[in-house]
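Worksheet: the structure to be examined is printed underneath.
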Amino acid sequence: MGYNFAAGPSVLPAEVLKKAQEELLDYAHSGMSVMELTHRGPEFSDILSRAKASLRDLMQIPENYKILFLQGGASTQFTMVPLNLAQGKKAYYVESGSFGKKAFTEAQKLAKVIDFEPISLGSTEQSGFDHLVSFASSQIDPEAAYVHVTLNNTIEGTAIYDLPETNGVPLVGDMSSDILAVNYDVTRFGLIYAGAQKNIGPAGVTLVIVREDLLPQVEIFSSMMDYRILAENDSLYNTPPTFGIYMAGLVFDWVKSLGGVPALEENNRKKARLLYDEIDQSSFYQSPVKFEEERSICNVTFRTNSPEMDKKFIAEADQLGFKNIKGHRSVGGMRASIYNAFPYEGVNELVKFMKEFEEKNDL
Ligand code: PMP
């Protein structure tokens with residue numbers, strides 16, 4: 001018995017894996033596995049439309065937003081978003097974490113070949129992205145294409161819970177690590193994107209939710225990168241990641257069965273509270289995040305007072321079945337990723353281990 005604290009790909013609900021196992025060889029009496037179904041046939045068509053309808057319901061996505069199941073990871077969206085939305089315009093970036101910085105860097109690369117102006121609203125890199133960038137809506141040109149934010153900084157363990165004011169400019173949100181784990185108001189966004197491999201399903205699916213009026217008016221040089229073409233073809237312009245979409249649909253049903261996103265957010269808050277309480281009451285463990293209200297409820301980062309002690313912690317934890325608790329290689333320390341499917345008992349057990357480890361090593 002072990003607990004998987006991986007940041008993604010990460011733990012999936014056991015019920016979902018079991019259901020997929022049951023249906024693996026014969027999906028809905030088709031005599032075929034989902035992996036063997038043509039993406040143009042009635043079975044897959046049903047899988048796709050049900051997955052979309054469930055997600056629309058779960059996130060209360062209005063009808064004037066398209067839901068796309070794409071490939072290429074969230075990282076491809078760093079290029080597709082400006083390519084589709086920002087031509088001839090300014091686009092703002094908030095660099096509060098490594099992925100926000102990457103999004104801006106990719107936008108700058110694209111700006112060398114496409115006419116648009118990426119502008120950074122600030123970066124907290126100098127202090128190790130230990131807090132979020134703050135900005136005033138008056139800094140934003142109302143004619144700009146969008147303001148890009150990363151909702152949850154997976155590596156650093158910070159998150160945005162109060163969405164910023166943007167002077168009427170659409171918000172674009174990278175929701176990769178807290179989609180369906182935090183109950184955001186979709187109508188506050190022009191576009192949301194997320195890699196599936198944390199809260200949605202296996203790696204290989206990228207979700208894009210985009211408001212119809214933001215679909216590109218200009219021709220995009222690649223059909224595969226053109227949101228309008230992808231939307232008009234209902235994610236079937238080319239062969240979609242069929243098995244991943246099927247798994248995502250099962251996860252959506254599972255989220256619904258537990259009471260939806262608000263119920264899961266509440267549970268995630270409880271899990272995170274257990275860990276942060278332990279970190280706060282101890283002088284042995286510290287949180288690298290500067291402000292309490294910016295602490296992520298999905299990726300809890302912490303460390304001891306030395307990299308050697310962190311290494312010892314990670315090794316002993318691993319031996320006991322607390323897997324993948326090592327922090328990202330760029331920041332060190334520990335990171336407990338406790339997304340929707342991560343069980344409360346696992347967090348409880350980790351806290352017990354943290355207490356024991358502290359007792360033995362805090363000399
Ligand atoms: N944004 C965030 C917030 C992430 O956590 C990740 C992956 N961990 C990415 C973007 C990149 O996603 P992908 O690996 O799917 O390209």
Side-chain angles (χ1 to χ4, degrees), residues 4-12 68-83 93-110 123-125 128-133 146-161 163-164 171-182 184 189 191-209 224-225 235 240-241 243-245 247-248 251 268 289 294-301 324-331 335-342:
N4 179 12
F5 289 91
S10 37
V11 62
L12 283 167
L68 307 175
F69 293 96
L70 308 178
Q71 301 186 58
S75 303
T76 302
Q77 296 310 311
F78 297 162
T79 301
M80 279 175 72
V81 167
L83 185 61
Y93 284 80
V94 178
E95 298 179 85
S96 296
S98 311
F99 287 111
K101 180 186 172 185
K102 271 194 176 165
F104 182 55
T105 306
E106 292 300 295
Q108 285 176 306
K109 272 193 202 175
L110 186 71
S123 166
T124 51
E125 187 172 17
F129 295 120
D130 65 348
H131 65 287
L132 301 175
V133 170
Y146 58 80
V147 176
H148 179 282
V149 292
T150 316
L151 279 314
N152 186 82
N153 294 296
T154 322
I155 294 178
E156 296 83 7
T158 54
I160 301 176
Y161 294 110
L163 298 177
L171 254 186
V172 166
D174 177 354
M175 218 179 260
S176 292
S177 46
D178 65 358
I179 192 160
L180 299 177
V182 174
Y184 292 110
F189 295 87
L191 185 146
I192 291 167
Y193 64 90
Q197 63 271 23
K198 303 168 202 301
N199 271 313
I200 296 176
V205 178
T206 310
L207 185 72
V208 173
I209 301 164
M224 279 297 290
M225 296 208 133
S235 304
F243 192 74
I245 295 171
M247 290 291 289
V251 171
N268 293 332
V289 177
E294 295 182 354
R295 289 168 165 182
S296 167
I297 61 167
C298 290
N299 306 98
V300 178
T301 47
N324 300 311
I325 204 155
K326 189 169 186 280
H328 190 270
R329 60 190 183 280
S330 62
V331 294
R335 170 177 54 176
S337 297
I338 50 173
Y339 305 122
N340 284 346
F342 192 93

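Just so you know, these numbers use all the heavy atoms, side chains as well, and skip hydrogens, waters and symmetry mates. Counting starts at 1 for both ligands and their atoms, following the listed order.
Applying the 4.0 Å criterion to heavy atoms of Ser176 picks out, from ligand 1, the atoms 1 (N), 2 (C), 3 (C), 4 (C), 10 (C). Near Thr150, with a cut-off below 4.0 Å to any heavy atom, the atoms of ligand 1 are 3 (C). Less than 4.0 angstrom separates some heavy atom of Gly73 from each of these atoms of ligand 1: 15 (O), 16 (O). Annotation for ligand 1: atoms under 4.0 Å from non-hydrogen atoms of Lys198 are 5 (O), 7 (C), 8 (N).
No side-chain heavy atom of Phe99 sits less than 4.5 Å from a side-chain heavy atom of Asn153. Between Phe189 and Leu151, some side-chain heavy-atom pair lies under the 4.5 Å cut-off.
Here's the thing with Asp174: one of its N/O atoms is less than 3.5 angstrom from an N/O atom of ligand 1. Between Asn152 and ligand 1, no N or O atom pair is found at a separation short of 3.5 Å.
Taking atom 13 (P) of ligand 1 as the reference point, the nearest protein heavy-atom neighbour is Ala74 N, 3.5 Å. Annotation: atom 16 (O) of ligand 1 to nearest protein heavy atom, Ser75 OG, 2.6 Å. For atom 5 (O) of ligand 1, the closest non-hydrogen atom on the protein side is Thr154 OG1, 2.4 Å.
Under the 3.5 Å distance criterion, with hydrogens and angles disregarded, no donor-acceptor pair is assigned to the side chains of Asn268 and Tyr339. Under 3.5 Å, the side chains of Asp174 and Thr150 contain no donor-acceptor pair of N or O atoms. In this structure, a donor-acceptor pair under 3.5 Å is present between the side chains of Asn152 and Ser296. Under the 3.5 Å distance criterion, with hydrogens and angles disregarded, no donor-acceptor pair is assigned to the side chains of Glu156 and Thr301.
Closest of all the heavy-atom pairs between Ala7 and Lys198 is O-NZ, 3.1 Å. Shown here for Leu191 and Val81, the closest heavy-atom pair between the two residues is CD2-CG2, 3.9 Å.
With a 4.0 Å heavy-atom cut-off, ligand 1 is reached by the side chain of Gln197 but not by its N, CA, C or O.
Not a single heavy atom of Gln77 sits under 4.0 Å from any atom of ligand 1.
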